[in-house]
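Have a look at the structure below before the remarks.
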Amino acid sequence: MAGLELLSDQGYRLDGRKAVELRKIQARMGVFAQADGSAYIEQGNTKALAVVYGPHEIRGSRSKALHDRAVVNCQYSMATFSTGERKRRPHGDRKSSEMTLHLKQTFEAAILTQLYPRSQIDIYVQILQADGGNYCACVNAATLAIMDAGIPMRDYVCACSTGFIEDTPLVDLCYVEEAAGGPQLALALLPKSEQIALLEMNSRLHEDHLEKVLDAASKACRDVYAVLDRVVRDHVQEVCTLLGE
Amino acid sequence: MREPPLSNCEKSFLLKAIREGKRLDGRETYDYRNIKISFGTDYGCCIVELGRTRVLGQVSCELVPPKVNRPTEGIIFFNLELSPMASPAFELGRQSELLIKLNRLLERCLRNSKCIDTESLCVVAGEKVWQVRVDLHLLNHEGNIIDAASIAAIVALSHFRRHDVSIQGDEVTVYTPEEREPVPLSIHHMPICVSFAFFQQGTYLLVDPSDREERVLDGMLVIAMNKHREICTIQSSGGIMLLKEQVLRCSKIAGVKVTEITELIQKALENDKKIRKEGGKCGFVESMPQQWITAFKVEKAPVDVTDVEEKAEGILSRAEPPAEAVSKPVLWATGTAQIGEGLESSWRDMEEEEGQVEDEDDEGAIDDPTLAVTQNIEMEDISGKEEKKSDVDVVVLSDSEEEEVIILEPEESRIHTRSKHPADSSATKTTAGKKKRKKKFAL
């Protein structure tokens, strides 16, 4: 990886983006009829599918039920064909379990779970193609799916990853940039209130740069929000016109 | 067994204490508990105590073929075990969410920050590399496992020595410790996790939460840092909304704490090195404090006693003097009264005694029967007046067993007693006796 120049002198990245430029985001809501809510998102080459069921009665052991709020049940899986090397297990390894936990935590904070006591909300997310920013794509897809299901949330949850190379924060890392081993930070933000639903960072970053990277990440999250909001509005309009006919 | 939940009382008590900036163990909000590091007889074995949270770290290594995609890098494997020994809430052989979270955090903190030079663990590229295994066992759970575990891991790794290896042509020789001094791992920096607990939607912040505090917290933020103030991992958890300012503040605090802890670790390592060089005793047995009597031993909890006296005096000066404790007498029958419900009935004994007393009185009456009694009554009359100024005068009998009993003397009879008329006084005496009897029946 040493030969790769992640940021050229002119300020362009490997795929021709600028440092603060996101990859192209395309999303669709309501891709499945069976589920209560579903969404599909493409962030560059990272493709994720999210499906939401619920809120419904607690499945499985009843002892899991919470008397004051809903249980958020998440499952993150990666399709065996999603990575360069074929994956053996789509889910259940340490990394996937961790991702599942993070998703669960993010949406427990964002969904107004206290409106549905003793019930359960299932969020299933699958990565179809992994090209960096898996967590972020999952969060964005799940946000759209939850909206499609009509479950009230505090706000959109928008996530974006950020790296830091040569004193410049790079937003929305692709796989090659992630694999280079530089610092990377994943941020899930509620854009209106600027509250952080989840913050995760790896590798080494000097404390003095943290603020810079956080700022870049929250800016990127707000950019993601603009895109997601447009997707939702388009979808609602589409549905309305269909219902109107 | 699931951990029994905290009662609402306990929760609100803890939260109230936190709101007032106080902690049960007397620490300040940003204080760590005492950290103690002890080493085993072998290299790469240590116990880290954070307060009463204990983690045992053990490093071992073996030669294995490398991973296909990284032929020149050694392998480091971390494993944290939460055994039921540490807390009855932990079950054996179950990958709980907590365990996954902690293990991944450790991995990210120590492996992804590249604190250990994995390339130096390569023996023959593509064929043999060292696999270093870090096993961490939680021995006692008193909160903040991750900090203790991360300290234990880095201490065990820095303490560890692997066998020396030499390569001559195709031949690889692994030397025993007797043949060649074992070599330490090359460690670039020491990442250490610092946990922050948030309460009441992030209004209150504590460093190093104890297990009680962990059970009432809303959210956690773990920041791993090294002494060069490089952040190695950040992880927020729990359903809490953080603000950017809070994160930045935490990272500043973490920087200070990590520097302190790193110094402590280095001191401990140097100390151990010196002892080993001098051929002194080492190992866990040696580091255990000798306590023959373990019962009745109570750890001194540091209690904030500054300005306690002034405070107490202030309270005393402001407080009103206690109201005179006079409970309302109960009137059972005319001329009798009682305060309180009394204890067991011991009338049988008293009847005998009283019989004797009356006999004595009768005997005394031969000499001067009236005077003694009247004087007695008068004295008690005065004391009764001082004590209680009610329309009815109260005579307190000084008989030890009848302290609770009060005889109400009608106004006229007292006047009679004062007149010191012998006949009258004898009459009062008899009435008193009668009253006593009456009271007995009333009871």
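Just so you know, these numbers use all the heavy atoms, side chains as well, and skip hydrogens, waters and symmetry mates. Quick note on labels: first sequence line is chain A, next is B, and so on, each numbered from 1.
Residue B:I100 holds its CD1 atom at 13.5 Å from CE of A:M99, rounded to the nearest 0.5 Å. Interatomic distance, CD of A:E200 versus CD of B:Q235, reported as 5.0 Å (0.5 Å rounding). Between A:N202 atom CG and B:I234 atom CD1 the span is 10.0 Å, to the nearest 0.5 Å. Rounding to the nearest 0.5 Å gives a distance of 6.0 Å between CG of B:N69 and CD of A:E85. Separation of atoms OG1 (B:T233) and CG (A:L185) is listed at 11.0 Å; rounding is to 0.5 Å. Taking CZ of A:R204 as the start and SG of B:C115 as the end, the distance is 9.0 Å to the nearest 0.5 Å.
Residues meeting the ring pair (Phe, Tyr, Trp, His ring centres under 6.0 Å) test with A:H102, sequence neighbours left out: none.
Other residues, nucleotides and ligands place more than 12 heavy atoms under 6.0 Å from the CZ atom of B:R104. Under a cut-off of 6.0 angstrom, the local environment of NZ in A:K212 is crowded, with over 12 non-hydrogen atoms contributed by other residues, nucleotides or ligands. Under a cut-off of 6.0 angstrom, the local environment of CZ in A:R118 is sparse, with at most 12 non-hydrogen atoms contributed by other residues, nucleotides or ligands. Few gaps surround OH on B:Y32; more than 12 heavy atoms of other groups in view lie less than 6.0 Å from it. Heavy atoms from other residues, nucleotides or ligands lying under 6.0 Å from CD of A:Q114 number more than 12.
Of all heavy-atom pairs between A:M201 and B:R108, the closest is O-NH2, 3.3 Å. B:K244 approaches A:L214 most closely through the heavy-atom pair CG-CD1, 3.6 Å. Between B:I231 and A:E207, the shortest heavy-atom distance links the atoms CD1-CA, 3.9 Å. Between B:S237 and A:Q105, the closest heavy-atom pair is CA-NE2, 2.9 Å. Pairing each heavy atom of B:S236 with each of A:A197, the nearest pair is OG-O, 4.2 Å. Annotation for A:E194 and B:L243: closest pair O-CD2, 3.7 Å, computed over non-hydrogen atoms.
Contacts between B:H189 and chain A at a heavy-atom distance below 4.5 Å involve the side chain alone, from C-beta outward. There is no contact between A:L187 and chain B, counting heavy-atom distances below 4.5 Å. For a residue to count as touching a neighbouring chain, one of its non-hydrogen atoms must lie under 4.5 Å from one of that chain's; by this rule A:E108 does not touch chain B. At a 4.5 Å heavy-atom cutoff, the contact between A:S193 and chain B is made by backbone atoms alone. Within the 4.5 angstrom heavy-atom criterion, only side-chain atoms of A:L101, from C-beta onward, approach chain B. Neither the backbone nor the side chain of B:Q246 has a heavy atom closer than 4.5 Å to any heavy atom of chain A.
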**Item:** Trace of the side chain to side chain contact (heavy atoms under 4.5 Å, CB included) decision for B:R229 with A:D208
**Value:** CA-CA 8 Å; B:R229 287 174 56 233; A:D208 297 345; 3.0 Å; yes
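For the set B:N112, B:V222, B:L242, the count of heavy-atom pairs under 4.5 angstrom toward chain A peaks at B:L242.
At least one side-chain heavy atom of B:N103 sits under 4.5 Å from a side-chain heavy atom of A:R94.
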